[in-house]
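Notes for the one structure printed next.
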Amino acid sequence: MPLTICTWNINSVRLREALVARLLTEEAPDILCLQECKSPVEKIPSFEGLGYGHIIARGQKGYNGVAILSRQPLEEVAAHDHAGLGHARHVAARHPSGVTVHNYYVPAGGDVADREVNEKFGQKLDYLTDMRDLFSAQKPERAVLVGDLNIAPLEDDVWSHKQLLKVVSHTPIEVAHLEDVRQAGNWVDVTRDHLPEGKLYSWWSYRARDWSAADKGRRLDHVWASPDLPTVPGSSRILRDARGWEKPSDHAPVFASFDV
DNA sequence: ATGACGGTACATTACCGA
């Protein structure tokens, strides 16, 4: 059975309830992982009427927030507060297929890529170090890790590798920390496994006059899987169209399917 | 090319995002 998972930084789930409904209706993933819900859990809109009656979430007022929506029941298995920030940035749930889904919203890290002058950058690196330690201690099996990891690791994950080398999200130290997380869990970058060639973006700034024409994007949103979980070859895609929907999120949904 | 945008809240400006 194919299990299709989608991850999307929605930038306020209440403001964009209609966009979530459109995605669920048009694309019908089995599981939708949202980040930046910016809502307490009890105020997240219900999508039960569209067939998504199961939700596992962590929320807080105004910032952060992660939710996993599913057509089938979910069992919450973890909600980590890496680096002790007190933020709603992770939740994990098990699907009846036996697949564990980790939904992450990694800290953005502020403006300056130097932890000595920018506390947020240090928190981002510490958050990634704690993720690494978790997956070193517990090697994931039949698991997927998705979310807004706020790092574009590869040269073709940004519009200009050279111009972004010192920009938070693409600095070598962040890329090294993310790679440490990936290696600690033996995670496979499913998107790049399926789409190894060429530029690939999932985020475009609101500030560009014409985001699509400028196309100065970054691949910040990721789908990883443990090596024992077979994927449906070629099933990875980024729904760039959704960045052009009315009142869009600045992130596009990322999809992959698994053979469960 | 640190931005011309856009979200939320102890709101009409401050803070955050990346």
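Worth knowing before you read on, the calculation uses all heavy atoms, side chains too, and leaves out hydrogens, waters and symmetry mates. Below, chain A is the first sequence line, B the second, and so on; all start at residue 1.
Distance check: A:L178 CG to A:Q183 CD gives 10.5 Å after rounding to the nearest 0.5 Å. Taking CG of A:L50 as the start and CG of A:L23 as the end, the distance is 10.5 Å to the nearest 0.5 Å.
Going from atom NZ of A:K216 over to atom P of B:dA18 covers 19 Å, rounded to whole Å. Regarding A:N118, its CG atom lies at a distance of 14 Å from the P atom of B:dA18, rounded to whole Å. Between the CD1 atom of A:I10 and the C1' atom of B:dG6 there is a distance of 14 Å, given to the nearest Å. Between the C1' atom of B:dG7 and the CZ atom of A:R14 lies a distance of 11 Å, rounded to the nearest Å. For the pair A:W159 CH2 and B:dA18 P, the interatomic distance rounds to 18 Å; values are reported in whole Å. Rounding to whole angstrom units, NE2 of residue A:H87 and P of B:dT8 are separated by 18 Å. Remark: C1' of B:dG6 and CG of A:L19 are 14 Å apart, rounded to the nearest angstrom. Remark: C1' of B:dG17 and NE2 of A:H170 are 19 Å apart, rounded to the nearest angstrom.
Taking the six-membered ring for Trp and the full ring otherwise, A:Y206 and A:W211 have centroids separated by 6.0 Å or more.
For A:S12 and B:dT8, the shortest distance from a side-chain N or O to OP1 or OP2 is below 4.0 Å. Of the side-chain N and O atoms in A:K120, one or more sit less than 4.0 angstrom from OP1 or OP2 of B:dG17. In this structure, A:R209 does not reach the B:dG3 phosphate: none of its side-chain N or O atoms is under 4.0 Å from OP1 or OP2. OP1 and OP2 of B:dG7 both lie 4.0 Å or more from every side-chain N or O belonging to A:N11.
Atom C1' of B:dT2 sits at a distance of 12 Å from the matching atom of B:dG17, rounded to the whole Å. With P as the reference atom, B:dT13 and B:dA18 are 26 Å apart, rounded to whole Å. On the C1' atoms, B:dA11 is 15 Å away from B:dG6, given to the nearest whole Å. Nucleotides B:dC10 and B:dC5, compared at atom P, are 26 Å apart to the nearest Å.
Comparing B:dT2, B:dC5, B:dA18 by their nearest atom to the side chain of A:R207 picks out B:dC5. Distances from the side chain of A:H251 to the nucleotides B:dG6, B:dT2, B:dA18 place B:dA18 closest.
Residue A:D148 is in sugar-phosphate contact alone, with no base atom involved, counting any heavy-atom pair closer than 4.0 Å across all strands shown. Among the heavy atoms of the strands, none lies under 4.0 Å from A:K166.
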Anything under 3.5 Å between a protein N or O and an N or O of nucleotides 10-14 of chain B, put it in a table, one pair a line.
| from | atom 1 | to | atom 2 | distance (Å) |
| --- | --- | --- | --- | --- |
| B:dC10 | OP2 | A:K61 | NZ | 3.4 |

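A salt bridge is defined here as a Lys NZ or Arg NE, NH1 or NH2 lying under 4.0 Å from an Asp or Glu carboxylate O, and A:E27 with A:R237 meets this definition.
In this structure A:F255 satisfies the ring-ring contact (aromatic ring centres under 6.0 Å, His included) test with no other residue, sequence neighbours excluded. By the ring-ring contact (aromatic ring centres under 6.0 Å, His included) test, A:H161 pairs with A:H170, sequence neighbours left out.
Remark: A:Y105, A:A108, A:D111 in residues 103-117 of chain A come within less than 4.0 Å of DNA chain B through at least one heavy atom. Residues from residues 237-247 of chain A with heavy atoms under 4.0 angstrom of DNA chain B, sorted by number: A:K247.
In terms of modelled atom types and a separation under 3.5 Å, the side chain of A:R16 and the main chain of A:K247 share a donor-acceptor contact. Formation of a donor-acceptor pair under 3.5 Å by the A:S202 side chain with backbone atoms of A:L220 is found in this model.
Place A:E36 and A:P40 on DNA chain B by their nearest nucleotides, and A:P40 ends up nearer the 5' end. Nearer the 5' end of DNA chain B, as judged by each residue's closest nucleotide, is the contact made by A:Q60, out of A:Q60 and A:R218.
Looking only at atom types and distance, the side chain of A:Y104 has no donor-acceptor partner in the side chain of A:R89 under 3.5 Å away. Remark: the A:N11 side chain and the A:S249 side chain contain no N/O donor-acceptor pair separated by less than 3.5 Å. With no hydrogens or angles considered, a side-chain donor-acceptor pair links A:H95 and A:Q72 at under 3.5 Å. A donor-acceptor contact under 3.5 angstrom links the side chains of A:D215 and A:W204, judged on distance only.
The side chain to side chain donor-acceptor pair (under 3.5 Å) analysis of residues 125-147 of chain A, with sequence neighbours excluded, yields the pairs A:R115-A:D126.
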